[in-house]
Protein chains: 2
Amino acid sequence: MATGRTHRPATRSRGIPEATVARLPLYLRALTALSERSVPTVSSEELAAAAGVNSAKLRKDFSYLGSYGTRGVGYDVEYLVYQISRELGLTQDWPVAIVGIGNLGAALANYGGFASRGFRVAALIDADPAMAGTPVAGIAVQHTDDLDRIISDNGVSIGVITTPPGAAQQVCDRLVAAGVTSILNFAPTVLSVPDGVDVRKVDLSIELQILAFHEQRKAGEEAAADGRAVVDTDDEEEAPPMRATPAGRKGPDGDMPAVMPA
Amino acid sequence: MATGRTHRPATRSRGIPEATVARLPLYLRALTALSERSVPTVSSEELAAAAGVNSAKLRKDFSYLGSYGTRGVGYDVEYLVYQISRELGLTQDWPVAIVGIGNLGAALANYGGFASRGFRVAALIDADPAMAGTPVAGIAVQHTDDLDRIISDNGVSIGVITTPPGAAQQVCDRLVAAGVTSILNFAPTVLSVPDGVDVRKVDLSIELQILAFHEQRKAGEEAAADGRAVVDTDDEEEAPPMRATPAGRKGPDGDMPAVMPA
DNA sequence: ATGTCTTTGTGAACGCGTGCACAAAGATAG
DNA sequence: CTATCTTTGTGCACGCGTTCACAAAGACAT
């Protein structure tokens, strides 16, 4: 999916490969579903199918955590849920602060999945003075001026940025200065952070563009198979190097609705 | 990235590696910004810095597209914007349908970045009859019953799923049946689709869990450096394989607010 | 206790992605 | 026209991630 990455390239944290870490939440979700159905054990084959991965990969992933399975039987669901939760650090409480309470920020604040697994929305922060005090998802929005204090007081180490792109880097800097060491960035901007700070980005626009690429390719192949039955016949280069952007549509990246263009 | 992946594993589409395709939107964004500032040319070093990648990687990426640079000078910004746009299929219009108009769906509908680059919100679809006709972001919400017709009439090939997880697979099946071949899934579920359909997923919960993992690791290392100055001293396994989930909190995955738990 | 059967855990091979380092190419100055 | 300087394009090597295939391990029946 949908997530680009912006973090340590090849640092195998405590022996667990990054690719494996990224799949653990997937396994955990599938296991939780099984747990709720009171299924006692599950084989690598079944669990892999539920998580949408290869069974060999799943077994190798689990092998990095230790030998938690029983040969001839499979894995104990409850035990595995606990082990993965512990490995991911979900047995403790993670206060999260969301900065930028626009459409997206508000949607995330209402996100039920936050509380469900160790994450707790500890604070909502916005730069608009008019928003201060307004309750969103039952929590009063606070002003950016108090950002440092809010982060410190609540012991927030994970920040979520849902501001317009023009404000993202500044907000990021302030979060980091206040002690945040993990950032989930929804703004379409490349954030630069000091070493030791993790940044992950969620970028709707990029995901759509990747889909468009494959969609176009599919259309092209189809056309080739149909013997050129579709609209435009350009395949290889031919078009003029025309200007793609209006150039100067507005000033520098200022503020706009919270969910922003690319 | 928030972006997990669920698509062809190693099918190099028309020679362009998947990893490169995923970075093209990043380059395009940086180039567009340069274009708006009327910068005529840019070196691989500068552009790489703006996009947050290695310059050698950028040059290799561009080499898959062809030789669009000039040695000793760099790349022509306008020309490159056009070439990448064309490669990504952004020179044409992509009507997109959003299914599941809750908090998140509405936020996406208001997303300015949709229209900005080839994507157009063609339809909003929701299962709640009470929502039908309600305008969201200037577009009237339509009922799920008409899904097939809506997709066909608008020529939608890209669908965005922002429904509760319990409804996601069913919605997905209907979208595919109606002709959609690319899906962006925000519901925390593994979607199964026939060959030829691309699925990308955006999963907030997974991203947060990955951050929590690294955060925990950082805290652990810090503790080790401080000579065990922090709270709980458990590092290696010791805890009881206790039950992690209440088990049976509610029925099967029904419906809940549009942005949902994991 | 022994044998059979199932499923895990992993050694090994392979392929993709990344980054280095440099030769080729062109611009620019004299 | 020649020399120099900049920057691209890429051959090559390395490392991570994936997958195969199988031996080891345990459950279970007899």
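From a predicted model like this one, the values you see are computed outputs, not experimental measurements. By convention in this document, chain letters (A, B, ...) are assigned in the order of the sequence lines, proteins followed by strands, and residues within each chain are numbered from 1.
- Between A:D203 and B:R29 a salt bridge is recorded (basic side-chain N to carboxylate O distance below 4.0 Å).
- Atom CG in B:L47 sits roughly 13 Å away from atom C1' in D:dT8 (whole-Å rounding).
- Atoms CG (B:D61) and P (D:dT10) sit 13 Å apart, rounded to a whole Å.
- Under the side chain to side chain donor-acceptor pair (under 3.5 Å) criterion, B:S157 pairs with no residue, sequence neighbours left out.
- Between the side chains of B:T20 and B:D61, at least one donor-acceptor pair of N or O atoms lies under 3.5 Å.
- Comparing A:T20 and A:R59 along DNA chain D, the residue whose closest nucleotide (by nearest heavy atom) sits nearer the 5' end is A:T20.
- Comparing D:dT19, D:dG9, C:dG17 by their nearest atom to the side chain of A:K57 picks out D:dT19.
- With rounding to whole Å, A:L80 atom CG is found 10 Å from C:dG9 atom P.
- For C:dG17, the base has no donor-acceptor partner in the side chain of B:K60 [N/O atoms by modelled type, under 3.5 angstrom].
- For the pair A:A56 and B:F62, both in contact range of DNA chain D, the more 5′-proximal nearest nucleotide belongs to B:F62.
- One atom, CG of A:L58, and another, P of C:dG9, lie 10 Å apart when rounded to the nearest Å.
- Checking C:dT10, D:dT18, D:dT19 against the side-chain heavy atoms of A:S63 singles out C:dT10 as nearest.
- For A:Y75, the ring pair (Phe, Tyr, Trp, His ring centres under 6.0 Å) partners two or more places apart in sequence, or in a different chain, are A:F62.
- The distance from atom OH of A:Y68 to atom C1' of D:dA25 is 19 Å, rounded to the nearest whole Å.
- With rounding to whole Å, A:N54 atom CG is found 6 Å from D:dC20 atom P.
- B:S205 and B:Q209 share a donor-acceptor pair across their side chains, judged by distance under 3.5 Å alone.
- Residue A:L65 contributes atom CG, which lies 12 Å from atom P of C:dT10 at whole-angstrom precision.
- When only modelled atom types and interatomic distance are considered, B:R59 and B:S44 share a side-chain donor-acceptor pair under 3.5 Å.
- Atom CD of A:Q92 is surrounded by more than 12 heavy atoms from other residues, nucleotides or ligands within 6.0 Å.
- Rounded to an integer number of Å, the gap from CD of B:E45 to P of C:dG19 is 13 Å.
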What's touching nucleotides 1-7 of chain D from the protein side, N or O pairs under 3.5 Å?
residue	atom	partner	partner atom	Å
D:dT7	O4'	B:G72	N	3.0

